[in-house]
Amino acid sequence: MAVTRIDCDIHPAVGGTRTTLLPYLSDHWKEQVVSRAIDGLDLTSYPPNMPLSGRADWRPANGAKPGSDLAMVQQGAFDQLGASHAILNVLYGAQAVFDPYMAADFCKAINDWIAAEWLSRDPRLRASIVVPMQAPDLAVEEIERRAGDNRFVSILVLAQGETLLGRRHFWPVYQLAEKYKLPLAIHAGTQYRQAPSSAGWPSYRYEYYFVEAQAFQAQILSLIYEGVFGKFPNLKVVLMESGVSWLPAFMWRANKTWRGVRVEVPWVEREPASIIRDNFRVTMQPFDAPGDAESVAEIIDQIGSEKMFLFASDYPHWQFDGDDPIPPHLPKSIIAKMCVDNPLETFPRLSLVN
C-alpha cells in the first residue's frame with residue numbers, strides 16, 4: 001500500500017465506558033463500572049456536543065459521538081480527506097481520573113479496544129499508547145506491555161496535567177520512549193488539576209481553548225530546561241492541536257532569556273530554538289495563521305525548520321471547512337515533506353508495519 005499522506009492526528013471516540021470498554025476492563029473494574037454506573041468520562045476539553053468536537057457532516061445520524069463509528073471515520077479520513085494512513089489518538093477520561101489504579105486499567109482497556117476493534121480491522125490505521133501519567137510507574141508498565149505491537153507508534157499525554165512534563169519523575173517514561181522509538185505526543189486537553197491559564201480560571205469555554213497555547217509553551221520550556229533532551233537526545237515530542245503561529249515569537253524570547261540567565265541551567269548547552277527545531281514537531285491543524293501567503297511564508301521562515309511540520313486533519317474536530325485539510329498558502333516543498341517524509345522521520349515505527 002503506497003504511503004502518500006499520513007494523517008498524524010485523528011480522534012476515535014469511546015462510545016461509553018459500559019458500551020465500549022467494559023469487555024476490556026479487569027474483573028474488578030468491570031464490577032465497579034456496573035455497580036457505580038460509571039460512564040460518560042468525556043473530557044470537557046472536547047464535550048461531544050460542542051461544535052468544535054465534531055463537524056456537522058462528520059456527526060453520525062443516530063446521534064452517536066463524532067468519531068465513534070469506524071466506517072464513518074474511514075470514509076472521512078481516507079476517502080474524503082485523502083489520507084493513505086492515519087494515527088489514532090484517543091481523548092477520554094482515563095487521562096484525567098484521580099485514582100491511578102482506575103486510570104491504569106482504563107488506559108489498558110482503551111489500548112486493547114483500539115488494537116482489537118480498529119487497528120485489526122484496517123491496516124491503514126496506527127495508534128498512540130494512552131498512558132496514566134498520574135502514576136509514571138504505571139505508565140511505564142503500560143508502555144512495556146504495548147511496545148511489542150508496532151502498530152502503536154507514539155505515547156499520548158495531555159498538555160495540562162498535575163505537574164510540568166520535564167520533572168524527573170517522568171523520565172522513566174522518556175527512557176522507554178527513546179528506547180522503543182515512540183515520540184511523546186502532547187495533545188491539547190487537561191487533567192483538571194490546574195487553572196487552564198497562568199492567571200486563573202476563565203469564565204468562558206472560548207478563553208479555555210484559546211489559552212491552550214500557554215500550556216504547550218510551558219511544557220516546551222520544562223522539557224528543555226529540566227534537561228530532558230540532554231539525557232534523551234533522540235526523544236521526539238509532537239505538539240498536537242497546539243496551533244503554529246505562536247512559535248516564532250516564543251522561540252525568539254526563549255533564546256533571548258536563555259542567553260541572559262543560562263547560568264541557572266548550565267546543562268542546557270544550546271539555544272532553546274535549536275533544541276525545538278531538532279526535537280519538537282507540530283501538527284498543522286489548526287493552522288492559526290493570517291490568511292495571506294506573505295504572512296504564512298514569514299511564519300514558516302521564522303520557525304526555521306521544514307521538518308517540524310506534520311500533516312493532520314484533526315478529524316472529526318472542526319478546524320476547517322471543505323475537503324482539503326492542507327492549510328492555504330503553504331509552499332509546495334512544505335506540503336510534500338509534512339505529508340510523508342516528516343511523519344516517517346518522526347514516527348519511526350510507521351515504517352515497521354506493512
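Predicted model, so just to flag it, every value in this text is computed and none were measured. Start at 1 with the first residue, then count along the sequence.
When only modelled atom types and interatomic distance are considered, Tyr101 and Gln134 share no side-chain donor-acceptor pair under 3.5 Å. Defined by atom type and a distance below 3.5 Å, a donor-acceptor pair is present between the side-chain atoms of Glu144 and Tyr180. Side chain to side chain, Asn111 and Glu142 meet the donor-acceptor criterion of an N or O pair below 3.5 Å. No hydrogens or angles considered: nothing links the side chains of Thr283 and Asp9 as a donor-acceptor pair under 3.5 Å. Under 3.5 Å, the side chains of Gln160 and Gln219 contain no donor-acceptor pair of N or O atoms. Using modelled atom types, one finds a donor on one side chain and an acceptor on the other under 3.5 Å when comparing Asp314 with His11. Using modelled atom types and a 3.5 Å distance limit, the side chains of Arg270 and Ser274 yield a donor-acceptor pair. Side chains of Arg262 and Thr257: no donor on one and acceptor on the other come within 3.5 Å. No side-chain N or O of Trp171 forms a donor-acceptor pair with one of Glu226 less than 3.5 Å apart.
In this structure, the side chain of Ser35 engages the main chain of Glu31 through a donor-acceptor pair within 3.5 Å. Between the side chain of Ser128 and the backbone N or O of Leu156, no donor-acceptor pair lies under 3.5 Å. Side chain of Gln285 to backbone of Glu241: no donor-acceptor contact under 3.5 angstrom is found. Proximity of a side-chain donor or acceptor of Arg59 to a complementary backbone N or O of Ala64 within less than 3.5 Å is not detected. In this structure, the side chain of Glu207 engages the main chain of Ser203 through a donor-acceptor pair within 3.5 Å. With hydrogens and angles ignored, the 3.5 Å screen pairs a side-chain donor or acceptor of Trp258 with a backbone N or O of Val268. In terms of modelled atom types and a separation under 3.5 Å, the side chain of Ser245 and the main chain of Ala289 share no donor-acceptor contact. Distance alone, capped at 3.5 Å, is enough to place a donor-acceptor pair between the Arg55 side chain and the Phe320 backbone. Listed for the Ser295 side chain is no donor-acceptor partner under 3.5 Å among the backbone atoms of Asp292. Gln80 places no side-chain N or O within 3.5 Å of a backbone atom of Ala77 that could act as its donor or acceptor partner.
Note that CG of Leu52 is 5.5 Å distant from CD of Gln319, once rounded to the nearest 0.5 Å. With rounding to the nearest 0.5 Å, the separation of CZ in Phe311 from NE2 in His85 is 13.5 Å. Between Ile129 atom CD1 and Leu184 atom CG the span is 11.5 Å, to the nearest 0.5 Å. A distance of 10.0 Å separates CG of Leu350 from CG of Asn150, quoted to the nearest 0.5 Å. Taking OG1 of Thr17 as the start and CG of Leu22 as the end, the distance is 9.0 Å to the nearest 0.5 Å. Note that the CZ atom of Arg167 and the OG1 atom of Thr163 stand 6.0 Å from one another [nearest 0.5 Å].
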*Residues Ser154, Arg126; criterion side-chain hydrogen bond (donor to acceptor under 3.5 Å, both in side chains); working and verdict*: CA-CA 9 Å; Ser154 53; Arg126 309 291 186 267; over 6 Å; no
*Could you walk me through whether Trp318 and Trp58 pass the side chain to side chain contact (heavy atoms under 4.5 Å, CB included) test, one step at a time?*
CA-CA 9 Å; Trp318 194 353; Trp58 295 336; over 6 Å; no
*Report the C-alpha separation of Asp122 and Gln74 in whole Å, then their side-chain angles, then the decisive distance to 0.1 Å, and conclude whether the side-chain hydrogen bond (donor to acceptor under 3.5 Å, both in side chains) test is met.*
CA-CA 9 Å; Asp122 193 328; Gln74 290 169 317; 2.8 Å; yes
_Ile220/Leu239 under side chain to side chain contact (heavy atoms under 4.5 Å, CB included): CA gap, chis, key distance, verdict_ = CA-CA 9 Å; Ile220 291 173; Leu239 309 180; 3.7 Å; yes
*In sequence, state the C-alpha distance, the side-chain angles, and the governing distance for Glu271 and Ile276, and then conclude on side chain to side chain contact (heavy atoms under 4.5 Å, CB included).*
CA-CA 9 Å; Glu271 291 182 332; Ile276 291 170; over 6 Å; no
*Stepwise, does the side chain to side chain contact (heavy atoms under 4.5 Å, CB included) test hold for Ile6 with Phe347?*
CA-CA 11 Å; Ile6 300 168; Phe347 302 93; over 6 Å; no
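Proximity of Leu125 to Phe78: side-chain heavy atoms (C-beta onward) are separated by under 4.5 Å at one or more points. Counting heavy atoms from C-beta outward, Met72 and Pro316 have side chains that stay 4.5 Å or more apart. In this structure, Arg5 and Ile326 have side chains that are in contact, with non-hydrogen atoms separated by less than 4.5 Å. With a 4.5 Å cut-off on side-chain heavy atoms, Val73 and Trp118 count as touching.
Annotation for Pro183 and Thr346: closest pair CG-O, 3.4 Å, computed over non-hydrogen atoms. Between Pro327 and Met284, the shortest heavy-atom distance links the atoms CG-O, 3.4 Å. Listed here is the closest heavy atom pair of Ser313 and Ile10: OG-CG2, 3.6 Å. Annotation for Ala94 and Ile110: closest pair CB-CD1, 3.7 Å, computed over non-hydrogen atoms. Residue Arg277 comes nearest to Gln302 through the heavy atom pair NH2-O, 3.7 Å, listed as atom of the first residue, atom of the second, then distance. Minimum interatomic distance between Pro343 and Val340 (heavy atoms only, all atoms of both residues): CD-O, 3.2 Å.
Because its NZ or CZ atom is not both nearer than 6.0 Å to the ring centre of Phe152 and within 45° of the ring axis, Arg349 does not count as a cation-pi partner of that residue.
Ion pair Lys236/Glu178 not flagged as a salt bridge, since none of the NZ, NE, NH1 or NH2 atoms sits closer than 4.0 Å to an Asp/Glu carboxylate oxygen. Between Asp112 and Arg145, at least one side-chain nitrogen of the basic residue sits less than 4.0 Å from a carboxylate oxygen of the acidic one, meeting the salt-bridge criterion. Looking at Glu345 and Arg281, a side-chain N of the basic residue comes within less than 4.0 Å of a carboxylate O on the acidic one, giving a salt bridge. Using a cut-off of 4.0 Å between Lys/Arg side-chain N and Asp/Glu carboxylate O, Asp105 and Lys108 are scored as not salt-bridged. A salt bridge links Asp278 to Lys307: at least one charged side-chain nitrogen sits closer than 4.0 Å to a carboxylate oxygen.
Between Phe232 and Tyr174, the angle of the ring planes goes over 60°, which puts this pair in the perpendicular group of the 30/60° scheme.
Ring to ring, Phe280 and Phe229 are close: their centroids are under 6.0 angstrom apart. In this structure, His317 has its ring center under 6.0 Å from that of Tyr46.
Val296 and Ile335 fall within the same hydrophobic cluster, defined by Ile, Leu, Val, Met, Phe, Trp and Tyr side-chain heavy atoms under 4.5 Å apart, directly or through other members. Hydrophobic clustering keeps Trp252 apart from Ile303 (ILVMFWY residues linked when any side-chain heavy atoms are closer than 4.5 Å, directly or through intermediates). In the hydrophobic clustering of ILVMFWY residues, with side-chain heavy atoms under 4.5 Å counting as a link, Leu138 and Ile155 come out apart. Hydrophobic clustering keeps Phe98 apart from Ile38 (ILVMFWY residues linked when any side-chain heavy atoms are closer than 4.5 Å, directly or through intermediates). Using a 4.5 Å cut-off between side-chain heavy atoms of Ile, Leu, Val, Met, Phe, Trp and Tyr, with links allowed through other members, Leu41 and Val131 fall into the same hydrophobic cluster.
Shown here is Phe210, whose CZ atom has no more than 12 heavy atoms of other residues, nucleotides or ligands within 6.0 Å. Sparse packing is recorded around NZ of Lys181, with 12 or fewer heavy atoms of other residues, nucleotides or ligands lying under 6.0 Å away.
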